[in-house]
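Reckoned from all heavy atoms, side chains included, excluding hydrogens, waters and symmetry mates. Letters A, B, ... mirror the listed sequences (proteins, then strands); counts begin at 1.
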Protein chains: 2
Amino acid sequence: MKYCSISEVSAKFNIPESTLRYYEKKGLLPRIERDEAGRRLFSEVQMALLQTVICLKNTRMPIREIKQYMDWIQEGDATIERRLEMMTKHKQKVLDEISLMTDSLQGIDEKIKRYTNRIREERS
Amino acid sequence: MKYCSISEVSAKFNIPESTLRYYEKKGLLPRIERDEAGRRLFSEVQMALLQTVICLKNTRMPIREIKQYMDWIQEGDATIERRLEMMTKHKQKVLDEISLMTDSLQGIDEKIKRYTNRIREERS
DNA sequence: TGTTGACTTAAACCATGGTTTAAGTCGTAT
DNA sequence: ATACGACTTAAACCATGGTTTAAGTCAACA
């Protein structure tokens, strides 16, 4: 089993060390193992969990909610239904968010076209 | 020309009055006209500008940048190229953001499938 | 005339999500 | 031996984007 130091994890996932420590403190990552000197050792499992945290953050799930989800993972199979419900609802929120952004992009595209035309006309 | 009070605009755009005042103070809306009693009167033009602010906010443009854009609109035609450049760059950021969310949705979908299967098996 | 209700302001307050700082502990290369 | 670099902690600090509060003004209705 390979372990990574915080600097390696930071480089690998492109996340500041301070943020990794902050995530652990906030409970987004289960208690990370330590070496004899107290330094964090990230196992493969913990890096997989970090990948999940990143996925949820990319879709803008708030930290409190991510913590709840990670807590449920630690609790084991008894929480699977709650996790399914959370992910299903979250997925819908993300789809709604993507729709809103996609719709709003049309307003931006209009401006781009308008400005492009105005500049073209001006040059003629 | 029809004017709207702040409460009407708040209802129409579903934005708290406090937020509308905050936007004006931050310079996202040009100085709103007032009646004799000092109350805000939103003209059609200002509501169109507000719609633009909302569009940019929906796509997560930061307030400072929206302010810059609105300032350029007030400055007139001399700023059209800068506005075009800003909108073009912003559009790309929004597309990148949508891609990231869309990709991350796959991780969420996997979890949903896994949990769904586990629950189905458990019931059998 | 006086009391609502809708508005005004400046300033204080709040939540979120980190980042930075200060002080200290190791392990190792010189 | 010591000095350096990588790490540790708790606590302070910061930016962003509002929201809330307190104190006051005004119009209209009873």
Side-chain angles (χ1 to χ4, degrees), chain A residues 3-43 46-47 50 52-70 90 93-94 97 100-101 104, chain B residues 3-43 46-47 50 52-70 90 93-94 97 100-101 104:
Chain A
Y3 286 89
C4 287
S5 70
I6 195 168
S7 60
E8 288 166 334
V9 175
S10 169
K12 186 165 174 167
F13 292 92
N14 198 27
I15 293 178
E17 299 183 11
S18 63
T19 304
L20 292 171
R21 294 191 188 101
Y22 172 74
Y23 286 174
E24 187 191 14
K25 190 158 68 175
K26 282 293 186 173
L28 271 53
L29 300 172
R31 191 90 195 141
I32 309 286
E33 297 172 60
R34 308 295 164 123
D35 69 8
E36 326 74 42
R39 286 171 296 196
R40 286 169 182 79
L41 290 176
F42 289 76
S43 69
Q46 282 154 343
M47 286 190 274
L50 176 57
T52 295
V53 170
I54 291 168
C55 169
L56 297 177
K57 283 210 67 62
N58 283 346
T59 52
R60 300 175 189 281
M61 182 180 282
I63 282 186
R64 265 191 331 281
E65 204 172 338
I66 299 178
K67 172 176 169 34
Q68 175 65 89
Y69 180 71
M70 301 310 279
H90 181 57
K93 276 190 204 164
V94 177
E97 179 69 21
L100 180 63
M101 295 188 100
S104 301
Chain B
Y3 285 89
C4 287
S5 70
I6 195 168
S7 59
E8 287 167 334
V9 176
S10 169
K12 184 165 174 168
F13 291 93
N14 198 27
I15 293 179
E17 298 183 11
S18 62
T19 303
L20 292 171
R21 294 191 189 101
Y22 172 74
Y23 286 173
E24 187 191 15
K25 190 157 67 175
K26 282 293 185 173
L28 271 53
L29 300 172
R31 190 89 194 142
I32 309 285
E33 297 172 60
R34 309 294 164 125
D35 67 10
E36 326 74 43
R39 286 170 298 197
R40 286 169 183 79
L41 290 177
F42 289 76
S43 70
Q46 282 154 342
M47 287 190 273
L50 176 56
T52 295
V53 169
I54 290 169
C55 170
L56 296 177
K57 283 211 66 63
N58 283 345
T59 52
R60 299 176 190 281
M61 182 180 283
I63 282 186
R64 266 190 331 280
E65 204 171 338
I66 299 178
K67 173 177 169 32
Q68 175 65 87
Y69 180 71
M70 301 310 279
H90 182 57
K93 276 191 204 163
V94 176
E97 179 70 21
L100 180 64
M101 295 189 100
S104 300

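Residues passing the side-chain hydrogen bond (donor to acceptor under 3.5 Å, both in side chains) test with Y23(A), sequence neighbours excluded: none. Considering only residues two or more places apart in sequence or on other chains, Y22(A) meets the side-chain contact (heavy atoms from CB on, under 4.5 Å) condition with K26(A), I63(A). Under the side-chain contact (heavy atoms from CB on, under 4.5 Å) criterion, S10(A) pairs with E17(A), L20(A), not counting sequence neighbours. With sequence neighbours excluded, the residues forming a side-chain hydrogen bond (donor to acceptor under 3.5 Å, both in side chains) with S7(A) are S5(A), listed by chain and number.
Taken residue by residue, residues 28-41 of chain A places heavy atoms nearer than 4.0 Å to DNA chain D at R34(A), G38(A), R39(A), R40(A). For the contact set between residues 10-26 of chain A and DNA chain C, defined by any heavy atom under 4.0 Å, the members are P16(A), S18(A), T19(A), Y22(A), Y23(A).
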Distances under 3.5 Å between protein N/O atoms and the N/O atoms of nucleotides 28-30 of chain D, please, pair by pair.
none

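With values rounded to the nearest 0.5 angstrom, L56(A) atom CG is found 9.0 Å from S104(B) atom OG. To the nearest 0.5 angstrom, C55(A) atom SG is 9.0 Å from I66(A) atom CD1.
Contact annotation: the side chain of Q46(B) never approaches that of L29(B) to less than 4.5 Å [non-hydrogen atoms, C-beta and beyond]. By the 4.5 Å heavy-atom criterion applied to side chains, I54(A) and I15(A) are counted as neighbours. When side chains are defined from C-beta on, R40(B) counts as touching R21(B), because their heavy atoms get closer than 4.5 Å.
Counting only residues at least two apart or in different chains, salt bridge (Lys or Arg N to Asp or Glu O under 4.0 Å) contacts with residues 59-70 of chain B comprise E97(A)-R60(B), K67(B)-D71(B). Every pair tested for salt bridge (Lys or Arg N to Asp or Glu O under 4.0 Å) that includes a residue from residues 5-14 of chain A fails, sequence neighbours excluded, so the list is empty. Listed by first then second residue, pairs satisfying side chain to side chain donor-acceptor pair (under 3.5 Å) with a partner in residues 29-38 of chain A read Y3(A)-E33(A), E24(A)-R34(A), D35(A)-R39(A), not counting sequence neighbours.
Put simply, S5(A) has a side-chain N or O that comes within less than 4.0 Å of OP1 or OP2 on dC7(D).
Where DNA chain C meets chain B (any atom under 4.0 Å from a heavy atom), the bounding nucleotides read 5' to 3' are dC7(C) to dT9(C).
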